[in-house]
2 protein chains.
Amino acid sequence: MSKIKGGPQILSSVQNALRLLKSFSTFEPTKRVGELAESLGLAKSTVSRLLSTLASEGFVIKDEKTNAYRLGLSVLTLGGIITNDLEIHKEAAPVLYKLVNDTGETAHLAILDGLDTIYIHKEECNHPVRILTHLGRRNPSYCTSSGKVLLAFSEPKIVGKVIDGGLVKHMHNTITDPGQLQGELEIIREQGFAVSTEELTEGTRSVAAPIRDYTGQVVSAITVVGPIQRMTDHKINRIAKKVMEAGNEASERLGYDERYFKRLRS
Amino acid sequence: MSKIKGGPQILSSVQNALRLLKSFSTFEPTKRVGELAESLGLAKSTVSRLLSTLASEGFVIKDEKTNAYRLGLSVLTLGGIITNDLEIHKEAAPVLYKLVNDTGETAHLAILDGLDTIYIHKEECNHPVRILTHLGRRNPSYCTSSGKVLLAFSEPKIVGKVIDGGLVKHMHNTITDPGQLQGELEIIREQGFAVSTEELTEGTRSVAAPIRDYTGQVVSAITVVGPIQRMTDHKINRIAKKVMEAGNEASERLGYDERYFKRLRS
DNA sequence: CAATTTGTTCCGCATAGGGGAACTACTGTC
DNA sequence: GACAGTAGTTCCCCTATGCGGAACAAATTG
């Protein structure tokens with residue numbers, strides 16, 4: 001039991017196992033027993049047992065030579081299932097593909113999960129110079145173009161939480177001032193797209209636009225990322241237009257009727 | 001403890017949680033407490049607790065309206081990490097992309113995990129009529145082209161295990177006779193590619209070729225899948241040639257030196 | 001060949017977690 | 001709209017499980 005007042009019942013060993021899995025990352029794809037014990041605050045013996053169990057079901061793989069553990073293929077299988085399961089995919093995938101062809105840059109579909117954005121789909125460009133991202137990648141919402149789009153069209157409460165959570169300076173262009181963020185979101189609502197230039201990652205620029213479902217709600221964002229050298233100022237408007245068109249097409253495929261909602265608003 | 005003689009220590013609650021996760025599939029992406037309790041042989045209360053714990057860490061999502069559970073985004077994140085981590089990817093991805101363009105059909109990278117094949121990479125074609133597959137998908141090795149390629153170039157012991165495990169008839173063309181399978185593997189070794197026509201899934205045909213690493217060992221298979229209407233007999237040789245070329249190129253990128261090994265063999 | 005470091009198994013105790021029952025929330029039916 | 005029926009969560013109790021620590025084993029280093 002971890003919560004105090006009779007909340008949902010949590011199994012601590014399972015929780016430990018899940019946290020252990022989550023402690024893997026793109027930057028640290030392998031981990032050892034000792035490290036994990038330390039970072040999770042558990043005894044080595046406990047971690048060892050957790051890993052054996054995880055390994056027996058294929059969630060981690062042990063390198064018998066080095067004793068290092070990495071994520072296992074079960075995880076990949078589950079990832080494939082959820083990908084298939086997400087509705088938006090089926091509709092937005094072809095749009096995304098077209099967008100990559102039109103712009104020559106990698107495109108993503110992103111949604112808000114808590115206060116972060118998550119890439120739920122990725123269509124890679126074939127430029128040799130690429131931006132390193134991956135499916136399922138979690139980024140802070142306030143310093144990515146997709147995140148800003150999603151914030152701009154979500155409840156003010158969410159934006160408040162993001163601000164309360166702290167606007168950490170990841171790069172020289174990161175927005176750290178709450179007022180400035182609010183202003184930016186207002187602009188995004190007006191112009192219908194967001195741009196982010198070196199706010200999270202050095203040398204990258206991204207453009208994003210909203211995707212709406214049949215209720216008119218913004219459910220995800222479509223975004224294009226590339227190195228700033230290719231995403232130049234005078235190309236950015238053309239790209240933004242393409243991204244918005246793609247967003248609109250995806251929205252229509254999800255049953256969004258723009259004219260109906262425009263009439264409502266007026 | 002699940003194993004009898006002092007094997008690795010297994011945490012039953014964790015094992016239950018992992019098996020629960022694995023019981024989701026493309027065909028049943030949502031599950032309810034009752035179903036899971038039955039299929040796992042656990043009490044409803046137990047399953048309920050497991051799900052609460054999994055949900056609290058984002059491994060499953062509960063639909064509050066219907067009480068159905070589906071896989072959560074944590075799973076997607078982990079899937080992205082492992083994808084990034086697999087070496088073969090970086091080298092084979094562009095080759096795969098080219099193959100899709102050349103053949104117009106969806107291509108995969110597959111490896112052997114235990115006695116099954118797993119798709120570790122997928123590059124989709126843009127035909128409106130597509131074969132439903134997904135990343136991480138697990139298939140029996142003896143009735144897919146990629147599986148047969150991997151078996152053909154793996155230790156005889158593995159093939160023995162597959163045969164001992166039983167050759168289940170999934171489709172009218174499934175190979176169920178051990179001798180016939182051995183013969184087929186021999187042919188694959190000679191010609192350098194495998195074809196599978198409606199051996200696992202109705203209406204589909206696939207072609208696969210091996211990928212070797214710098215040690216000369218076959219580490220994965222590259223494969224193209226499509227509906228039989230498009231994968232006609234008179235096109236199949238052209239496709240097989242393309243797949244083999246792609247396999248060779250990927251092998252070279254992994255440091256395989258064909259000439260060196262040819263000299264060794266002679 | 002010690003010495004050190006790292007991972008696994010053993011051990012014993014406290015407690016977490018399993019099953020079943022009770023409770024609660026929905027569904028659908030007449 | 002009341003009532004039966006179903007499905008999920010919480011409670012309770014008891015046992016087995018899973019935790020930490022220590023001992024053990026294996027690998028690495030000087």
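Predicted model only: the values in this text are computed from it and were never measured. Numbered from 1 within each chain, the chains take letters A, B, ... in sequence-line order.
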Peer 1: Taking the side chain from A:T117 and the backbone from A:L112, do they hold a donor-acceptor pair closer than 3.5 Å?
Peer 2: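 Judged by distance alone, no pair lies under 3.5 Å.
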
Peer 1: Considering only C:dG17, D:dG20, D:dG8, which nucleotide approaches the side chain of B:N67 most closely?
Peer 2: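 Nucleotide nearest to B:N67's side chain: D:dG8.
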
Peer 1: Rounded to the Å, how far apart are B:L40 CG and C:dG18 P?
Peer 2: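 Checked: the CG to P distance equals 12 Å.
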
Peer 1: Take A:V33 and B:V47, find for each the nucleotide of DNA chain C with the closest heavy atom, and name the residue whose nucleotide sits nearer the 5' end.
Peer 2: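 Taking each residue's closest nucleotide, the earlier one in sequence belongs to A:V33.
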
Peer 1: Check the distance between D:dG20's P and A:L36's CG and give it to me in whole angstrom.
Peer 2: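 Atom CG in A:L36 sits about 14 Å away from atom P in D:dG20.
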
Peer 1: Looking at B:R32, is its backbone amide N or carbonyl O close enough to the side chain of B:E35 to form a donor-acceptor pair, meaning the two atoms are under 3.5 Å apart?
Peer 2: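 Flag set: sc B:E35 to bb B:R32 pair under 3.5 Å.
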
Peer 1: Has the side chain of A:T174 got a donor or acceptor atom that lies under 3.5 Å from a matching backbone atom of A:K169?
Peer 2: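 No, because the side chain of A:T174 does not come within donor-acceptor range (under 3.5 Å) of the backbone of A:K169.
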
Peer 1: If I take atom CD1 in residue B:I10 and atom C1' in nucleotide C:dT8, what distance separates them, rounded to the nearest angstrom?
Peer 2: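 After rounding, the reported distance stands at 13 Å.
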
Peer 1: Under a 3.5 Å distance rule, please check whether B:S74 uses its side chain to pair with a backbone N or O of B:E57 as donor and acceptor.
Peer 2: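 Yes.
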
Peer 1: Please report the distance, rounded to the nearest Å, between CG in A:L42 and P in C:dA16.
Peer 2: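 One finds 14 Å between P of C:dA16 and CG of A:L42, rounded.
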
Peer 1: Anything under 30° is parallel, anything over 60° is perpendicular, the rest tilted; go ahead and classify B:H108 against B:Y119.
Peer 2: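 Ring orientation, 0 to 90° scale: parallel.
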
Peer 1: Which residue, B:A68 or A:K65, contacts DNA chain D at a nucleotide closer to its 5' end, judged by nearest heavy atom?
Peer 2: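 This one resolves to B:A68.
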
Peer 1: Could you tell me the separation between the NZ atom of A:K62 and the P atom of D:dA26, rounded to a whole number of Å?
Peer 2: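 Roughly 12 Å, once rounded to whole Å.
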
Peer 1: Test your reading of the model: is there a side-chain donor-acceptor pair from A:K31 to the backbone of A:A68, 3.5 Å cut-off?
Peer 2: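 No, A:K31 side chain to A:A68 backbone: no donor-acceptor pair under 3.5 Å.
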
Peer 1: Please check the phosphate of C:dG17 (OP1 and OP2 only) for any side-chain N or O of B:S12 closer than 4.0 Å.
Peer 2: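 No, because none of the side-chain N or O atoms of B:S12 sits under 4.0 Å from OP1 or OP2 of C:dG17.
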
Peer 1: Can you tell me if B:S48 touches the phosphate of D:dG8, counting only side-chain N or O atoms and a distance under 4.0 Å to OP1 or OP2?
Peer 2: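 No, no such contact exists.
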
Peer 1: Could you tell me the separation between the CG atom of A:L54 and the P atom of C:dT8, rounded to a whole number of Å?
Peer 2: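 Whole-Å distance recorded here is 13 Å.
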
Peer 1: Distances for protein N/O vs nucleotides 20-23 of chain C N/O pairs under 3.5 angstrom?
Peer 2:
| residue | atom | partner | partner atom | Å |
| --- | --- | --- | --- | --- |
| C:dG20 | O6 | B:S45 | OG | 3.4 |

Peer 1: Less than 4.5 Å apart, any side-chain heavy atom of B:I158 and any of B:S154?
Peer 2: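 Yes, side chains in contact.
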
Peer 1: Taking the axis from the first five pairs and the axis from the last five, what angle separates them in the helix from C:dC1-D:dG30 to C:dC30-D:dG1, rounded to 10 degrees?
Peer 2: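 Computed angle between terminal axes is 50°.
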
Peer 1: Does some side-chain heavy atom of B:F153 sit less than 4.5 Å from a side-chain heavy atom of B:Q217?
Peer 2: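 No, every pair of side-chain atoms sits at 4.5 Å or beyond.
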
Peer 1: Could you tell me whether the side chain of A:V95 reaches within less than 4.5 Å of the side chain of A:R253, counting heavy atoms only?
Peer 2: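 Side chain of A:R253 against side chain of A:V95, heavy atoms only: contact under 4.5 Å found.
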
Peer 1: Separation of B:E38 atom CD from D:dA7 atom P, in whole Å?
Peer 2: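 Taking atom P of D:dA7 as the reference, CD of B:E38 is at 11 Å.
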
Peer 1: Check the distance between D:dC19's C1' and A:N16's CG and give it to me in whole angstrom.
Peer 2: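 To the nearest whole Å, that distance equals 10 Å.
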
Peer 1: Using a cut-off of less than 4.0 Å, is there contact between a side-chain N or O of B:K31 and OP1 or OP2 of D:dG8?
Peer 2: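 For B:K31, the contact criterion (side-chain N or O under 4.0 Å from OP1 or OP2 of D:dG8) is not met.
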
